[in-house]
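In what follows, every chain begins at residue 1, and chains take the letters A, B, ... in the order their sequences are listed.
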Amino acid sequence: MAKRLETDFYTRDVLEVAPDLLGQTLIRVFENSRIGQYAITEVEAYRGEEDLACHASKGRTARTEVMYAEGGHLYVYLIYGMYWMLNVVTAPKDISQAVLIRGLKEITGPGRLTRELKIDKSFNGESLLTSDRIWIEDSGIKPAYTTTSRINVEYAGVVWGAKEWRYVVND
DNA sequence: ACAAAGATCCGT
DNA sequence: CGGATCTTTGTA
């Protein structure tokens, strides 16, 4: 039986957590039924204040504060006025890192999956360790994957834009 | 108080 | 390739 991933999994460096999230099972419960139970297939790592592609590169603000929380919390924000982005906060408290969940089995696209799973601003700051409506279970599966540079982060410049911190499960 | 940009998606 | 759409952030 699958077990919910716990604190020790999330409090590691984002570059370790991101690839380890591939193949794990994201569970979403809405009105007492599981409207989502999907394997994670695509993620991106955002690594702290030094990473110019990470929102936390601006330091602590009202928006980025949750990324400084202990690993295992959620960072959810609206982009382009329309799409909610689902991120898993990683690392110990006061280190601002997060993993953007970009794709699930059967639901590709970070904006599409939050629409399908009815995830919005109310999930910002929620804990994957204690929530009764969203969490991640250890599937025991370690799929083969490929790394590429992150999507749509040209604004971060050549150095940070070139980091191969996007992880995609192979076909 | 205002302007600008943005970790996207969809249709042309 | 451009429009939709609105929050966050910086600047005045």
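Here the side chain of S57(A) pairs a donor or acceptor atom with the backbone of C54(A) at under 3.5 angstrom. Of the possible donor and acceptor atoms, one in the side chain of S139(A) sits under 3.5 Å from a partner among the backbone N and O of G23(A). Of the possible donor and acceptor atoms, none in the side chain of R12(A) sits under 3.5 Å from a partner among the backbone N and O of G71(A). Here the side chain of T41(A) pairs a donor or acceptor atom with the backbone of G103(A) at under 3.5 angstrom.
The CG atom of L86(A) sits 15 Å away from the C1' atom of dT8(B) (whole-angstrom rounding). The nearest whole Å value for the distance from the CZ atom in R60(A) to the C1' atom in dG10(C) is 20 Å. Atom-to-atom, OH of Y77(A) to C1' of dA5(B) comes out at 13 Å; the value is rounded to the nearest Å. Rounded to a whole Å, the CH2 atom of W84(A) is 16 Å from the C1' atom of dC9(B). Regarding L100(A), its CG atom lies at a distance of 16 Å from the P atom of dG6(B), rounded to whole Å. Atom pair L78(A):CG and dC9(B):P shows a separation of 13 Å (rounding to whole Å applied). Taking atom CZ on R63(A) and atom P on dG6(B), their separation rounds to 11 Å, with Å as the unit. In this structure, I79(A) atom CD1 and dA5(B) atom C1' are separated by 8 Å, rounded to whole Å.
Considering only side-chain N and O atoms, R112(A) lies under 4.0 angstrom from the phosphate OP1 or OP2 of dC10(B). Checking the phosphate oxygens (OP1, OP2) of dA7(B), a side-chain nitrogen or oxygen of H55(A) falls inside 4.0 Å. In terms of phosphate contacts, K121(A) brings a side-chain nitrogen or oxygen within less than 4.0 Å of OP1 or OP2 of dT8(C). Close to dA7(B), at under 4.0 Å from its OP1 or OP2, lies a side-chain N or O of Y155(A). The shortest distance between the side-chain N/O atoms of N152(A) and the OP1/OP2 oxygens of dT8(B) is below 4.0 Å. Regarding contacts with the backbone of dT8(B), every side-chain N or O of R115(A) stays at 4.0 angstrom or more from both OP1 and OP2.
At a threshold of 4.0 angstrom between heavy atoms, the contacts of G111(A) are confined to the sugar-phosphate backbone, with no base atom among them. Contacts of M82(A) with the nucleic acid, taken as non-hydrogen atoms under 4.0 Å apart, include base atoms. Contact annotation for A156(A): no contact, since no heavy-atom pair falls under 4.0 Å across all strands. Heavy atoms of R150(A) sit nowhere under 4.0 angstrom from any nucleic acid atom.
dG10(C) and dC2(B) make up a base pair, with Watson-Crick or G-U wobble contacts both under 3.5 Å. The base-pairing partner of dT5(C), taking Watson-Crick or G-U wobble contacts with both distances under 3.5 Å, does not exist among the strands shown.
Remark: the separation of the P atoms in dT5(C) and dC2(B) is 22 Å, to the nearest Å.
Residues Q97(A) and Y10(A) have side chains that never bring a donor and an acceptor to within less than 3.5 angstrom of each other. No donor-acceptor contact under 3.5 angstrom links the side chains of E164(A) and S149(A), judged on distance only.
At a cut-off of 3.5 angstrom, the base of dA4(C) holds no donor-acceptor pair with the side chain of Y80(A).
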